[in-house]
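Notes follow the structure.
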Amino acid sequence: MIKEKLMRDVYVNFVREQILNGDKVVALEADLAKCSGMITLQKEFPDRVINVGIAEQNMASVAAGLSAYGFIPFIHSFGPFVTRRICDQLMISICYAKQNVKIIGSDPGITAELNGGTHMPLEDIGVLRSIPNIVIYEPTDNVEFEKILPQVLSYNGPVYVRMFRKIPPSVFDEEKNEEFDLFKAKVIKSGSDVTIVAAGIMVSEAIKASEILEKSNISVEVIASPTIKPIDKDTIIESVKKTGLVVTAENHNVCGGLRSAVAEVVSENYPVLLHSIGVKEKFGEVGKQAYLKNVFKMNATDIADEVIKAIEDKRKLNSSC
Amino acid sequence: MVNNKKAEGKEMQSFLEAFARDIRENIIDCIGSIGVGHIGGCLSIADVLAVLYGRRMRIDKSQPRLEGRDRLVCSKGHAGPAIYATLAASGYFPKEELLTLNKGGTNLPSHCDMNKTIGVDMTAGSLGQGLSCAVGMAIGSKIKDDGAYIYAIIGDGESQEGQIWEAAMLAAHKKLNNLIVFTDYNKMQIDGTVDEINSLAPLDKKWRAFGFKVQVIDGHDTLAIDNAIVKAQKSKDKPSMIILNTIKGKGVSFAEAAKVGCHSMSLSAEQCEVAKKEIRGDYND
């Protein structure tokens with residue numbers, strides 16, 4: 001069962017298949033091959049898995065050179081070190097130079113857990129989102145990730161993947177054999193009172209929140225939006241036209257990430273009230289996920305409470321009009 | 001000007017020096033067309049460019065993206081006009097295009113852009129990154145086993161960037177004997193001399209300590225540059241560093257006299273004429 005796999009194994013297996021069956025893909029690590037699981041491939045394919053040591057800036061530009069030479073490099077490090085630390089190398093060597101490099105950042109947001117604030121990317125999406133044409137993708141679960149990875153490869157340009165290394169919450173049923181599109185959000189549950197747009201580990205929390213709210217007769221539409229850039233405007237606008245209210249749920253600072261992306265498309269196309277769940281202008285800290293979800297108010301119950309507040313605010317707005 | 005790989009000795013030197021003069025004249029026309037630019041660091045690398053494009057690089061202007069060709073990364077990307085001057089002198093595009101430098105919609109921006117300019121192998125401009133890109137290309141060439149040489153030109157001021165040394169470590173670790181790097185050691189940067197700002201000395205020892213085969217030569221002696229490249233190509237298991245002792249603004253007296261001021265300076269039509277006369281020197285007519 002893929003849902004019981006480590007997400008990193010889905011990634012490593014995919015790279016292995018590409019190395020075995022093609023001559024384009026190379027993987028680069030900056031002394032975290034043991035953490036990504038790539039260490040086994042490094043031993044199996046020493047020419048195609050390149051460990052540059054603790055030098056992420058060099059890794060990004062070396063990858064750009066390999067891309068210019070006709071390869072499709074996948075580079076990996078912890079999220080902060082392949083985003084904010086190497087922002088200029090991503091911008092110039094890779095994006096500005098139009099190089100086809102895939103950037104794998106582990107572990108997103110609070111899933112960095114015991115590595116704490118220095119290693120906890122709560123700003124990575126915000127850092128990258130203003131770079132033209134980069135795609136930012138945060139897998140919902142393993143079922144989706146396995147089907148999206150070939151699309152990440154076939155997309156001709158840089159893609160940043162926020163990859164959770166461990167076993168992610170399961171959202172999609174493997175047996176259903178659903179199709180996934182890198183550039184499409186997915187309506188997981190239909191509803192009419194409020195739209196919750198969520199990404200990554202927050203999708204399963206949003207589904208739980210919808211179940212809590214159903215008990216109060218609040219009908220929730222849950223949308224998984226794994227690709228934050230470019231955001232799937234059509235799916236989100238179609239939903240908010242129906243519900244007239246949106247709440248975002250993300251494993252990131254609410255500034256610059258999913259909330260900002262949704263707010264931009266909603267305010268420009270069909271303005272409705274927007275509330276948000278996520279880390280609110282705080283740095284990360286050490287702790288297990290359960291603890292950090294409490295600290296940053298990222299539980300299903302927090303989402304449900306925010307939805308109720310949003311409904312109340314909407315009612316007040318309407319009554320004052 | 002065409003490749004002249006068969007000539008030897010004085011005949012070759014005469015050819016390369018003439019090519020270098022063409023490049024310098026083109027640099028003046030190119031930067032003169034907009035009236036301001038990075039004159040000093042363009043003129044200082046004209047001779048190495050003459051040797052690379054006139055003799056040593058295995059390239060074909062009719063197939064500028066050919067796989068397996070030798071490549072040059074001009075990591076000091078602000079020397080774009082020197083690269084354009086060389087490409088135009090090599091027939092990659094008409095010399096008239098040099099006059100579009102930095103004008104709206106041009107294919108010739110201040111800093112090298114591989115997506116805009118035919119013959120430019122890598123985008124550069126944010127200092128320190130191009131050498132890493134060249135290391136990536138050299139690794140790629142090893143994987144493909146295509147026998148290409150990857151050349152890179154870095155600035156001395158640029159060598160204050162930490163990423164240069166990250167790239168150097170990896171190049172030596174990977175035994176990239178197909179990587180040949182030149183330092184344009186003109187000893188000047190924007191805010192002063194390199195020694196005043198943040199000295200690199202002893203630069204040769206630093207590169208040796210980083211595992212490179214190092215040669216230190218006169219960066220304006222085309223014969224010495226050619227010989228150094230041949231020696232570098234014979235390296236069995238080390239990448240090469242050829243430190244070019246150069247003069248910023250070489251060949252144009254008022255640029256040389258401006259010293260650090262010639263990093264980026266204005267260039268009037270009258271100055272262009274003076275500069276081109278000096279470059280042509282006794283070879284005029």
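Lettering follows sequence order; numbering is per chain, from 1. Please read all numbers here as calculations on a predicted model, not as lab measurements.
- A 6.0 Å sphere centred on CG of A/Leu114 holds more than 12 heavy atoms belonging to other residues, nucleotides or ligands.
- In this structure, A/Gln99 and B/Met114 have side chains that are in contact, with non-hydrogen atoms separated by less than 4.5 Å.
- Contact residues of residues 141-154 of chain B toward chain A are B/Ser141, B/Ile143, B/Lys144, B/Asp146, B/Ala148, B/Ile150 (heavy-atom distance under 4.5 Å).
- Residues B/Met122 and A/Ser93 approach most closely at CE-O, 3.9 Å, considering heavy atoms.
- Comparing A/Gln89, A/Lys98, A/Gln57 by how many heavy-atom pairs each has under 4.5 Å with chain B, the most go to A/Gln89.
- Counting non-hydrogen atoms of neighbouring residues, nucleotides and ligands closer than 6.0 angstrom, the NZ atom of B/Lys174 exceeds 12 such neighbours.
- For the pair A/Tyr69 and B/Ile139, the minimum side-chain heavy-atom distance is 4.5 Å or more.
- Across B/Gln163 and A/Asn58, no two heavy atoms sit closer than the pair NE2-CA, 3.9 Å.
- Shown here is A/Arg85, whose CZ atom has no more than 12 heavy atoms of other residues, nucleotides or ligands within 6.0 Å.
- The number of heavy-atom neighbours closer than 6.0 Å to NZ of A/Lys34, taken from other residues, nucleotides and ligands shown, is 12 or below.
- Counting heavy-atom pairs closer than 4.5 Å to chain A, the top residue among B/Gly68, B/Gly162, B/Gly140 is B/Gly140.
- With a 6.0 Å radius and a threshold of 12 heavy atoms from other residues, nucleotides or ligands, A/Phe283 has its CZ atom at or below the threshold.
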Under 3.5 Å, which donor-acceptor pairs do the side chains of residues 198-211 of chain B form with other protein atoms, sequence neighbours left out?
| residue | atom | partner | partner atom | Å |
| --- | --- | --- | --- | --- |
| B/Ser199 | OG | B/Asp195 | OD1 | 2.8 |
| B/Ser199 | OG | B/Ala201 | N | 3.2 |
| B/Lys206 | NZ | B/Leu200 | O | 2.7 |
| B/Lys206 | NZ | B/Ala201 | O | 3.1 |

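- Heavy-atom contacts from other residues, nucleotides or ligands closer than 6.0 Å to NZ of A/Lys24 number 12 or fewer.
- Proximity to chain A is absent for every atom of B/Ala134, based on heavy atoms less than 4.5 angstrom apart.
- Proximity of B/His173 to A/Val52: side-chain heavy atoms (C-beta onward) are nowhere separated by under 4.5 Å.
- Counting heavy atoms from C-beta on, the side chains of A/Leu66 and B/Met137 never come closer than 4.5 Å.
- Formation of a donor-acceptor pair under 3.5 Å by the B/Asp113 side chain with backbone atoms of A/Ala97 is not found in this model.
- Within a 6.0 Å sphere centred on NZ of A/Lys282, other residues, nucleotides and ligands contribute 12 heavy atoms or fewer.
- Heavy atoms of other residues, nucleotides or ligands lying less than 6.0 angstrom from CG of A/Asn133 number 12 at most.
- Interface remark: of the candidates B/Val73, B/Leu131, B/Asn115, B/Asn115 forms the most heavy-atom pairs closer than 4.5 Å to chain A.
- Looking at every heavy atom in both residues, B/Arg71 comes nearest to A/Ala68 through NH1-O, 3.1 Å.
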